[in-house]
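Step one of this worksheet: look at the structure below.
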Amino acid sequence: MIRTVESAPHVSAPVLAAYSYCEAVTGQQARNFAYGIRLLPAAKRRAMSALYAFSRRVDDIGDGGLADEVKLTRLEDTRALLARIRAGEVEEDDTDPVAVALSHAARAFPIPLGGLDELIDGVQMDVRGETYETWDDLKLYCRCVAGAIGRLSLGVFGTGPGARGAERAAEYADTLGLALQLTNILRDVREDALGGRTYLPADDLAKFGCSAGFRAPTPPEGSDFAGLVHFEVRRARALFAEGYRLLPMLDRRSGACVAAMAGIYRRLLDRIERDPEAVLRGRVSLPGHEKAYVAVRGLSGLDTRHVARGSVRRRA
């Protein structure tokens, strides 16, 4: 669980209460995310919880059981709320704790709130049942629902003073978001299929004989399902390798947070690669002790040093 919000003299009681609500939502509904942000100092952890709680609200609208036209209306209502937050129109005594917390976070950090508009765009794509013919098509969706979250998070993390290549930090944060989202897509391939959604590109499905989909706990007859998974795993690994170039640009604790969250998903990817059909039998996850190890590894700075050494070798 995430630690309780600490009292701070420059944050009012209503705002602290709003942040506490957001941290509770994060701790209950986003365990992988929570393992990462618990490594942050209080102000950044609170801001990240506010971002998560708002994003979760958007996702829950898309994943809920309402009629599609109602979902689309509620998404536009949420966009209107975001516009109020952006305009500074949400007061501390507002009855919506997520809006109060996100408003405060946006004043405290240079968060590019337009990324949340992109998230709403992506969820609207889900509601409309869009499918993706090519990887380039899927990338557009992933940039909305995950790359944007990477860029939003970077607004909280910031880059270290004099960080080399910091002008590309947003690009790397976006790419890391794509890597996490593609891992999610592989992990949830059957769950999504049962919900009527297909994310993997139609071109890739056809190439490996998987166009029939994944509604059964076994691969489509005559398909090369393992080949498909290994192909997408290689794509995700390349995205991780590129996105990890963000790590040396961050301060120690922000870098630890990113390394922990990304490390959990990289280990999920390892498990999926070892046993591709596991994603058809159930939800692949990591035990708590393994997540704790990843968090410790992130705090040690091992991944950051490894990336930094690789950057030096590339420049040599």
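Nothing fancy with the numbering, it's 1 onward along the sequence. What you are looking at is a predicted structure, and each value in this text was computed from that prediction instead of being measured.
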Would you kindly confirm whether Leu138 and Leu140 end up in one hydrophobic cluster when ILVMFWY residues are joined by side chain heavy atoms under 4.5 Å apart? no
Working to the nearest 0.5 angstrom, can you tell me the gap between Glu23 CD and Leu16 CG? 9.5 Å
Are Leu228 and Ser223 side-chain neighbours, meaning at least one heavy-atom pair lies under 4.5 Å? no
Do Ser12 and Glu92 have side-chain atoms, one donor and one acceptor, less than 3.5 Å apart? yes
Are side-chain heavy atoms of Leu113 and Leu116 found at a separation under 4.5 Å? yes
Go through Asp270 and Arg237 one step at a time and tell me if the side chain to side chain contact (heavy atoms under 4.5 Å, CB included) criterion holds. CA-CA 10 Å; Asp270 291 341; Arg237 288 196 192 288; 2.8 Å; yes
Counting C-beta onward and ignoring hydrogens, is there a side-chain heavy-atom pair between Leu180 and Phe240 closer than 4.5 Å? yes
Does the side chain of Leu154 reach to within under 4.5 Å of the side chain of Leu246, using non-hydrogen atoms? yes
Taking every non-hydrogen atom, the tightest pair across Thr78 and Ile61: OG1-CD1, 3.4 Å
Main-chain N/O of Leu40 paired with Arg253 side-chain donor or acceptor, under 3.5 Å: yes
Between Ser153 and Met48, the two heavy atoms sitting closest are OG-CE, 3.3 Å
Heavy-atom side-chain proximity of Leu102 to Arg107 below 4.5 angstrom: no
Output for pair (Arg84 CZ, Ser103 OG), nearest 0.5 Å, gives 8.0 Å
Are Val233 and Leu182 packed together at the side-chain level, in the sense that at least one heavy-atom pair is separated by less than 4.5 angstrom? no
State, without any angle test, whether Glu76 and Gln124 hold a side-chain donor-acceptor pair at a distance under 3.5 Å. yes
Worked check of side chain to side chain contact (heavy atoms under 4.5 Å, CB included) between Phe157 and Phe109: CA-CA 9 Å; Phe157 299 144; Phe109 298 97; over 6 Å; no
Partner of Arg79 under side-chain contact (heavy atoms from CB on, under 4.5 Å), picked from Asp121, Val58, Leu119, is Asp121
Spatial distance of atom CG (Asp77) from atom CG (Leu82) [nearest 0.5 Å]: 12.5 Å
Mind checking the CZ-OG spacing from Arg187 to Ser285? Nearest 0.5 Å is all I need. 8.5 Å
Tell me the salt bridge (Lys or Arg N to Asp or Glu O under 4.0 Å) pairs involving residues 211-231, sequence neighbours left out? none
Rounded to the nearest 0.5 Å, what's the gap from SG on Cys142 to CD1 on Ile149? Could you check? 12.5 Å
Electrostatic pair Asp60-Lys71, nearest N-O below 4.0 angstrom: no
Gly158 and Leu250: which non-hydrogen atoms are nearest, and at how many Å? O-CD2, 3.2 Å
Salt bridge (Lys or Arg N to Asp or Glu O under 4.0 Å) between Glu290 and Arg267, intermediate numbers included: CA-CA 9 Å; Glu290 196 166 346; Arg267 284 173 172 261; 2.9 Å; yes
Would you compute the distance between atom CD of Glu89 and atom CG of Leu81 and round it to the nearest 0.5 angstrom? 10.5 Å
Minimum heavy-atom distance Arg151-Arg143, with the two atoms named: NH2-O, 3.4 Å
For the hydrophobic clusters of this structure (ILVMFWY residues joined by side-chain heavy atoms under 4.5 Å, transitively), does one cluster hold both Val127 and Leu194? no
Solution key, residues 203-210 side-chain donor-acceptor pairs under 3.5 Å, sequence neighbours excluded:
unit_1 : atom_1 : unit_2 : atom_2 : d
Asp204 : OD2    : Arg235 : NH1    : 2.9

Tightest non-hydrogen contact, residues Met249 and Ala166, listed as SD-CA, 4.0 Å
Checking side-chain polar atoms at under 3.5 Å, does Asp96 have a donor or acceptor matched by the opposite partner on Tyr21? no
How about OH on Tyr141, more than 12 heavy atoms from neighbouring residues, nucleotides or ligands closer than 6.0 Å, or not? yes
Would you call Lys139-Asp174 a salt bridge at under 4.0 Å N-O? no
Using a 4.5 Å cut-off on heavy atoms from C-beta on, say whether the side chain of Glu130 contacts that of Asp137. no
With the threshold set at 4.0 Å, does a side-chain nitrogen-carboxylate oxygen contact exist between Arg266 and Glu273? no
Ignoring hydrogens and angles, tell me if any N or O in the side chain of Asp275 forms a donor-acceptor pair with the backbone of Ile272 under 3.5 Å. no
Leu66-Ile120 co-clustered via ILVMFWY side chain contacts under 4.5 Å: no
Phe214/Phe225 under ring-ring contact (aromatic ring centres under 6.0 Å, His included): CA gap, chis, key distance, verdict: CA-CA 10 Å; Phe214 309 108; Phe225 180 71; 5.5 Å; yes
Could you go through Leu280 and Val189, starting from their C-alpha distance and side-chain angles, then the distance that decides it, and tell me whether this counts as side chain to side chain contact (heavy atoms under 4.5 Å, CB included)? CA-CA 7 Å; Leu280 300 178; Val189 66; 4.1 Å; yes
Note: Tyr19 and Ala50 closest approach over all heavy atoms is CE2-CB, 4.1 Å
Qualifying residue, where the test is salt bridge (Lys or Arg N to Asp or Glu O under 4.0 Å) with Asp63 and the options are Arg197, Arg56, Arg57: Arg197
List the steps, then state whether side chain to side chain contact (heavy atoms under 4.5 Å, CB included) holds for Val145 with Glu118. CA-CA 7 Å; Val145 299; Glu118 293 180 55; over 6 Å; no
With side chains defined as the heavy atoms from C-beta onward, is the minimum distance between Val25 and Ser49 less than 4.5 Å? no
Say whether, by atom type as modelled, one donor and one acceptor occur between the side chain of Thr26 and the main chain of Cys22 under 3.5 angstrom. yes
